[in-house]
Amino acid sequence: MPFPPNGTADENTPLVSHSNDYESRWSSWPKYLATTTWKTLASNYVNVFLVFVPAGIICGALHINPTVVFVLNFIAIIPLAALLSFATEELSAKLGQTLGGLMNATFGNAVELIVSIVALREGEIRIVQSSMLGSILSNILLVLGCCFLAGGLRYRESTFNGTVASTMSSLMAVASASLIIPATLYAALRSSKDETEKNILMLSHGTAIILLILYILYLYFQLFSHADLFDVEAQDGDDAEGHKDGEVLSPIAAAVALVLVTVLVAVCAEYLVDSIDSLVQTAHISKTFIGLVLLPIVGNAAEHVTAVVVAYKGKMDLAINVAIGSSLQIALFVTPFLVVLGWIIGQPMTLHFQGFETVVLFISVLVVNYLIQDGKSNYLEGAMCIGTYTIIALAFYVYPDDANGNLGSNFIAKFFGTK
């Protein structure tokens with residue numbers, strides 16, 4: 001006996017219809033799973049590199065050549081970062097504007113955070129510091145430069161919201177000051193009889209807490225009190241891959257994908273960090289160069305491509321929000337969070353970066369502030385950013401790990417050619 005029309009049922013309706021309904025639902029699961037998986041994999045071109053994920057994990061587990069393990073896991077994390085970003089956007093689209101924006105802000109740099117936590121747990125403080133600085137520099141110089149260049153190839157001049165850009169650049173100036181102050185304090189205390197390292201650690205802990213408070217205030221500024229300034233992000237209703245956020249994955253599917261990808265990133269990051277020491281010895285590449293130039297490519301490749309694509313389409317406000325906004329997350333959230341985490345687990349993670357690095361960061365922020373203050377961009381400004389980043393990358397390529405880059409009287413004397 002079939003189901004009564006119009007959805008009506010009574011006590012005489014047989015239960016077998018409910019059974020058939022459940023069976024049809026279960027039978028549709030494989031098709032739904034296959035369709036969702038395909039749409040997820042097709043969301044970004046870099047997902048073709050997912051074949052390196054099992055290869056990197058297997059080689060790491062079998063203790064193959066460390067250089068091979070590093071290269072495989074290096075490539076493997078690139079598509080995983082894209083999937084992590086995709087799952088975050090899909091889930092945040094279902095949470096509403098406020099919660100969605102908060103989630104995007106929190107998980108926007110999840111890959112860098114995971115890799116840094118793994119390195120911090122193993123005591124690789126130098127890798128953590130250089131990767132944080134490298135992420136900031138790659139975003140404000142390389143990515144922003146590529147965005148300006150891509151927009152300049154299609155338009156004579158691109159415009160963007162100068163107020164938002166100025167606010168972000170001001171926060172970046174504050175963040176760079178938080179790194180310069182510990183370096184200068186260390187130089188001032190070198191001749192002191194006090195415990196310099198202990199004082200620097202205390203300063204770093206206090207500064208980290210202040211930066212986290214500033215980040216919370218920035219989120220409130222962006223999502224609540226001055227949300228109208230950031231409404232331009234709605235111009236990305238259709239992203240570079242041609243779909244609307246929230247249409248591919250259900251909330252449960254997005255949450256499951258988020259957990260699975262996070263676990264895979266953590267595993268690949270574990271093997272990646274473990275192979276760095278051997279790579280430094282065999283390939284003669286400094287840890288500073290690995291952390292400052294190579295590792296930022298891992299976490300930001302997919303996001304960088306998206307920023308350049310939207311800039312080429314004329315959506316420069318969105319591109320700048322991706323580039324400078326990501327740098328702010330690193331400077332105001334990820335870096336101070338790692339300092340506090342190191343405080344908790346007993347690792348001496350500080351905001352004391354070497355003097356050469358802090359000078360490079362200060363100059364980079366200064367250059368970017370000059371370029372974005374007029375609210376306009378062109379291809380020449382993009383070329384200047386890319387050129388500056390290339391010079392910095394070359395400088396750190398020849399910069400050895402054992403160099404004393406701390407600022408002090410001897411450093412200043414040598415810099416000006418005096419004794």
Side-chain angles (χ1 to χ4, degrees), residues 112 125-126 128-145 148 165-190 200 203-204 206-208 210-211 214-215 218 288-289 291-293 296 320 323-336 338-339 349-374 381-382 384-399 403-416:
E112 292 97 325
I125 307 296
R126 194 78 196 101
V128 177
Q129 289 182 327
S130 57
S131 65
M132 292 298 98
L133 181 65
S135 294
I136 295 173
L137 292 176
S138 67
N139 277 294
I140 65 175
L141 289 177
L142 180 61
V143 181
L144 190 65
F148 285 172
S166 177
T167 301
M168 289 183 170
S169 61
S170 298
L171 282 170
M172 276 305 306
V174 172
S176 64
S178 70
L179 301 184
I180 294 173
I181 291 173
T184 53
L185 177 65
Y186 181 84
L189 294 179
R190 291 183 70 180
I200 294 295
L203 173 64
S204 298
T207 305
I210 294 173
L211 290 178
L214 286 177
Y215 181 69
Y218 168 68
T288 303
F289 182 79
L292 195 136
V293 177
I320 287 179
I324 302 183
S326 183
S327 297
L328 280 177
Q329 290 176 15
I330 294 291
L332 296 180
F333 172 66
V334 178
T335 304
L338 290 170
V339 172
M349 171 67 184
T350 70
L351 293 176
H352 170 222
F353 289 66
Q354 292 188 2
F356 176 63
E357 297 169 352
T358 56
V359 170
V360 166
L361 177 62
F362 175 76
I363 293 174
S364 301
V365 172
L366 191 65
V367 168
V368 172
N369 282 347
Y370 275 119
L371 292 179
I372 68 176
Q373 64 182 357
D374 61 349
E381 293 180 345
M384 285 189 286
C385 286
I386 297 173
T388 303
Y389 180 80
T390 305
I391 294 171
I392 292 173
L394 181 61
F396 278 105
Y397 179 76
V398 299
Y399 184 78
N404 184 9
N406 292 307
L407 300 178
S409 57
N410 291 336
F411 177 88
I412 301 297
K414 291 179 181 178
F415 182 82
F416 288 104

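The chain is numbered in sequence order, starting from 1. Values reported hereafter were calculated over all heavy atoms of this structure, with side chains retained and with hydrogens, waters and symmetry mates removed.
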Backbone of [Y] reached by a side-chain donor or acceptor of [X] within 3.5 Å:
| X | Y | answer |
| --- | --- | --- |
| Thr207 | Ser204 | no |
| Ser326 | Ala323 | no |
| Thr335 | Ile330 | yes |

Are side-chain heavy atoms of [X] and [Y] found at a separation under 4.5 Å?
| X | Y | answer |
| --- | --- | --- |
| Leu338 | Val128 | yes |
| Leu361 | Leu133 | yes |
| Pro182 | Phe353 | no |
| Phe148 | Met384 | no |
| Leu144 | Ile372 | yes |
| Glu357 | Gln129 | no |
| Tyr397 | Val293 | no |

Would you compute the distance between atom [atom1] of [X] and atom [atom2] of [Y] and round it to the nearest 0.5 angstrom?
| X | Y | atom1 | atom2 | result |
| --- | --- | --- | --- | --- |
| Asn369 | Ser170 | CG | OG | 6.5 Å |
| Phe289 | Leu394 | CZ | CG | 9.0 Å |
| Ile136 | Glu112 | CD1 | CD | 10.5 Å |
| Ser169 | Gln373 | OG | CD | 8.5 Å |
| Ser178 | Leu332 | OG | CG | 7.5 Å |
| Ile363 | Thr388 | CD1 | OG1 | 9.5 Å |

Derivation of the side chain to side chain contact (heavy atoms under 4.5 Å, CB included) call for Val339 and Leu351: CA-CA 7 Å; Val339 172; Leu351 293 176; 3.8 Å; yes

Is there a side chain to side chain contact (heavy atoms under 4.5 Å, CB included) between Val174 and Leu214 once you walk through the steps? CA-CA 10 Å; Val174 172; Leu214 286 177; 4.0 Å; yes

Considering residues at least two apart in sequence or located in another chain, which fulfil the side chain to side chain contact (heavy atoms under 4.5 Å, CB included) criterion with Ile180?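 For Ile180, the residues satisfying side chain to side chain contact (heavy atoms under 4.5 Å, CB included) (neighbours in sequence not counted) are Thr184, Thr358, Phe362.
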
Shortest non-hydrogen separation from [X] to [Y] and the atoms involved:
| X | Y | result |
| --- | --- | --- |
| Leu203 | Leu185 | CD2-CD2, 3.4 Å |
| Asp374 | Leu371 | OD1-O, 3.3 Å |
| Gly134 | Pro296 | C-CG, 3.5 Å |
| Ser327 | Ser135 | OG-O, 4.5 Å |

Can you say whether the rings of Tyr399 and Phe396 are parallel (under 30°), tilted (30 to 60°) or perpendicular (over 60°)?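 Tyr399 and Phe396: perpendicular rings.
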
Report the C-alpha distance between Leu292 and Ser131 in whole Å, list the side-chain angles of each, state the deciding distance to 0.1 Å, and finish with yes or no for side chain to side chain contact (heavy atoms under 4.5 Å, CB included). CA-CA 5 Å; Leu292 195 136; Ser131 65; over 6 Å; no

Do we see a donor-acceptor contact under 3.5 Å between the side chains of Gln354 and Tyr186?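 Their side chains do not contain a donor-acceptor pair, so the 3.5 Å distance test is not met.
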
